[in-house]
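Computed from heavy atoms alone, side chains included, the values below leave out hydrogens, waters and symmetry copies. If you read the sequence from its start, that first residue is 1, and numbering goes on from there.
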Amino acid sequence: MSSSEKELYLSMSLEEKRKEYSIKGKPVTLDQVATWPAYAVAQNFPPKSTDSREFSVNGDHNQRISIFRGDITSLEIDCIVNAANKELQGGGGVDGAIHRAAGHNLLQSECRKLGGCDVGDAKITGGYRLPARYIIHTVGPVGEKPDKLRSCYKRCLEVMKENQLKSIAFPCVSTGIYHYPNDAAADVVLSTVREWMDRDSYSKEVERIIFCLFMDEDVKCYHRLLPKYFPLE
């Protein structure tokens with residue numbers, strides 16, 4: 001299968017593309033993912049963070065942020081982020097799940113031709129049989145290396161902007177088998193995203209930045225830290 005197959009998937013209507021999805025169950029559309037303020041109400045969050053507050057309230061930012069507890073491969077959005085290895089050859093965890101759901105043409109048509117990816121960098125491919133139109137692959141650091149992890153998220157946001165995409169979902173890069181402490185990683189991630197939104201005017205074009213959480217430990221970390229970086233009042 002050639003790169004023209006990527007364009008074939010990208011040119012399909014939504015109805016046509018849905019017939020090609022390899023996921024189990026129905027896709028999750030953006031309107032089914034609660035915004036941060038709606039999520040906080042549903043979870044009965046206190047409106048103010050117990051951490052020292054460094055960021056002002058920005059209601060516009062808050063409407064563009066989400067927590068999603070579920071399968072990242074089910075999201076029918078512009079792009080999802082893959083926590084990839086340097087070879088971009090697929091692997092375990094979320095990397096393997098994304099490659100399996102996208103289908104073998106992801107590897108054959110694009111990943112093998114990209115020449116790998118450095119730690120802290122990001123590269124984009126088509127989504128193939130995923131509900132997401134694109135995949136942004138980023139390689140996280142092994143162990144606690146804040147500058148490299150920050151670079152992963154910044155590069156993904158830059159690639160999203162370069163390709164004029166409007167919705168993105170991040171897994172927890174480098175936690176798990178890469179042994180980045182969950183709490184420290186969440187702190188780097190949320191500060192990086194908030195600072196990018198404050199700085200880059202393209203953030204006003206973005207419909208949603210989704211943090212896709214799987215492990216209970218990550219949920220606890222984001223519940224604690226989101227009110228700090230995205231206060232509600």
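- The CD1 atom of I23 lies 8.0 Å from the CG atom of L130; values are rounded to the nearest 0.5 Å.
- With hydrogens and angles ignored, the 3.5 Å screen pairs a side-chain donor or acceptor of E110 with a backbone N or O of G126.
- Taken from OG in S4 to CG in L10, the straight-line distance is 11.5 Å, to the nearest 0.5 Å.
- Note on L225: it clusters hydrophobically with V219, by side-chain heavy-atom contacts below 4.5 Å among ILVMFWY residues.
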Report all side-chain donor-acceptor pairs from residues 87-97 shorter than 3.5 Å, counting only partners two or more places apart or in another chain.
{"from": "Q89", "atom 1": "NE2", "to": "E87", "atom 2": "O", "distance (Å)": "3.0"}
{"from": "D95", "atom 1": "OD1", "to": "N82", "atom 2": "ND2", "distance (Å)": "2.8"}
{"from": "D95", "atom 1": "OD2", "to": "G91", "atom 2": "N", "distance (Å)": "3.3"}

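- Here the closest non-hydrogen pair linking V139 and N85 is CG2-O, 3.5 Å.
- Counting only distance, with no hydrogens or angles, the side chain of S151 and the backbone of D147 share no donor-acceptor pair below 3.5 Å.
- Grouping the Ile, Leu, Val, Met, Phe, Trp and Tyr side chains by contacts below 4.5 angstrom, directly or via other members, places I124 with V173.
- Atom CG in D183 sits 10.0 Å away from atom CG in D218 (nearest 0.5 Å).
- Counting heavy atoms of neighbouring residues, nucleotides and ligands inside a 6.0 Å radius, atom CD of Q43 exceeds 12 of them.
- The two residues I80 and A132 come nearest to each other via the heavy atoms CG2-CB, 3.9 Å.
- The pair K161-E158 does not count as a salt bridge, with every side-chain nitrogen at least 4.0 angstrom from each carboxylate oxygen.
- Side-chain atoms of T73 never come within 3.5 Å of backbone atoms of I98 as a donor-acceptor pair (strictly under, hydrogens ignored).
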key: Audit row: I210, L30, side-chain contact (heavy atoms from CB on, under 4.5 Å) steps and yes/no   = CA-CA 10 Å; I210 301 168; L30 192 59; 4.0 Å; yes
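- For the pair N58 (side chain) and H61 (backbone), a donor-acceptor distance under 3.5 Å is present.
- The two residues S167 and D78 make their nearest non-hydrogen contact at OG-N, 2.9 Å.
- Counting heavy atoms from C-beta on, the side chains of M160 and L165 come closer than 4.5 Å.
- Listed by chain and number, the residues in a side chain to side chain contact (heavy atoms under 4.5 Å, CB included) with D31 are T29 (sequence neighbours excluded).
- Cation-pi geometry between R129 and Y9 is not met: the NZ or CZ atom fails to fall both under 6.0 Å from the ring centre and inside 45° of the normal.
- At a threshold of 4.5 Å between non-hydrogen side-chain atoms, the residues P227 and L232 do not count as touching.
- Ring geometry for Y202 against W196 counts as perpendicular: the plane angle is over 60°, on a 0 to 90° scale with 30° as the lower cut.
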key: Verdict with reasoning, M197 to F55, per side-chain contact (heavy atoms from CB on, under 4.5 Å)   = CA-CA 12 Å; M197 293 181 80; F55 294 89; over 6 Å; no
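- D121 places no side-chain N or O within donor-acceptor distance of the main-chain N or O of C117, the cut-off being under 3.5 Å.
- Using a 4.5 Å cut-off on side-chain heavy atoms (C-beta onward), V193 and I65 make contact.
- At a threshold of 4.0 Å, the pair R69-D216 counts as salt-bridged, since one of the basic side-chain nitrogens sits closer than that to a carboxylate oxygen.
- Of all heavy-atom pairs spanning G70 and C212, the tightest one is O-SG, 3.3 Å.
- Nearest heavy atom pair, residue P171 against residue V81, reads CD-O, 3.1 Å.
- Here the side chain of R64 pairs a donor or acceptor atom with the backbone of K204 at under 3.5 angstrom.
- Interatomic distance, CG of D60 versus OG of S203, reported as 7.5 Å (0.5 Å rounding).
- If you check the side chains of H137 and T125, you find a donor sitting under 3.5 Å from an acceptor.
- In the hydrophobic clustering of this structure, M12 groups with I135; members are Ile, Leu, Val, Met, Phe, Trp, Tyr whose side-chain heavy atoms approach within less than 4.5 Å, directly or through other members.
- When side chains are defined from C-beta on, D187 counts as touching Y229, because their heavy atoms get closer than 4.5 Å.
- Minimum heavy-atom separation, S74 to F68: OG-CZ, 4.1 Å.
- The only member of R18, R208, K17 that meets salt bridge (charged side-chain N to carboxylate O under 4.0 Å, His left out) when paired with E76 is R18.
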request  = Please test L157 against K154 for side-chain contact (heavy atoms from CB on, under 4.5 Å), starting from the C-alpha separation and ending with a verdict.
outcome  = CA-CA 5 Å; L157 293 167; K154 287 175 67 176; 5.7 Å; no
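- Atom NZ of K123 sits about 10.0 Å away from atom SG of C111, to the nearest 0.5 Å.
- Judged by distance alone, the side chains of Y128 and H104 never bring a donor and an acceptor atom under 3.5 Å apart.
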task = Report the C-alpha distance between L226 and L190 in whole Å, list the side-chain angles of each, state the deciding distance to 0.1 Å, and finish with yes or no for side-chain contact (heavy atoms from CB on, under 4.5 Å).
result = CA-CA 7 Å; L226 258 171; L190 291 173; 3.9 Å; yes
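- We find the CZ-OH distance between F211 and Y222 to be 5.5 Å, quoted to the nearest 0.5 Å.
- In this structure, E15 places its CD atom where only 12 or fewer heavy-atom neighbours from other residues, nucleotides or ligands lie under 6.0 Å away.
- Note on L106 and L8: same hydrophobic cluster, where clusters join Ile, Leu, Val, Met, Phe, Trp and Tyr whose side-chain heavy atoms are under 4.5 Å apart, directly or indirectly.
- No more than 12 heavy atoms of other residues, nucleotides or ligands shown are found within 6.0 angstrom of NZ on K148.
- F170 and Y178 are not part of a single hydrophobic cluster, where members link through side-chain heavy atoms under 4.5 Å apart.
- Few gaps surround OH on Y39; more than 12 heavy atoms of other groups in view lie less than 6.0 Å from it.
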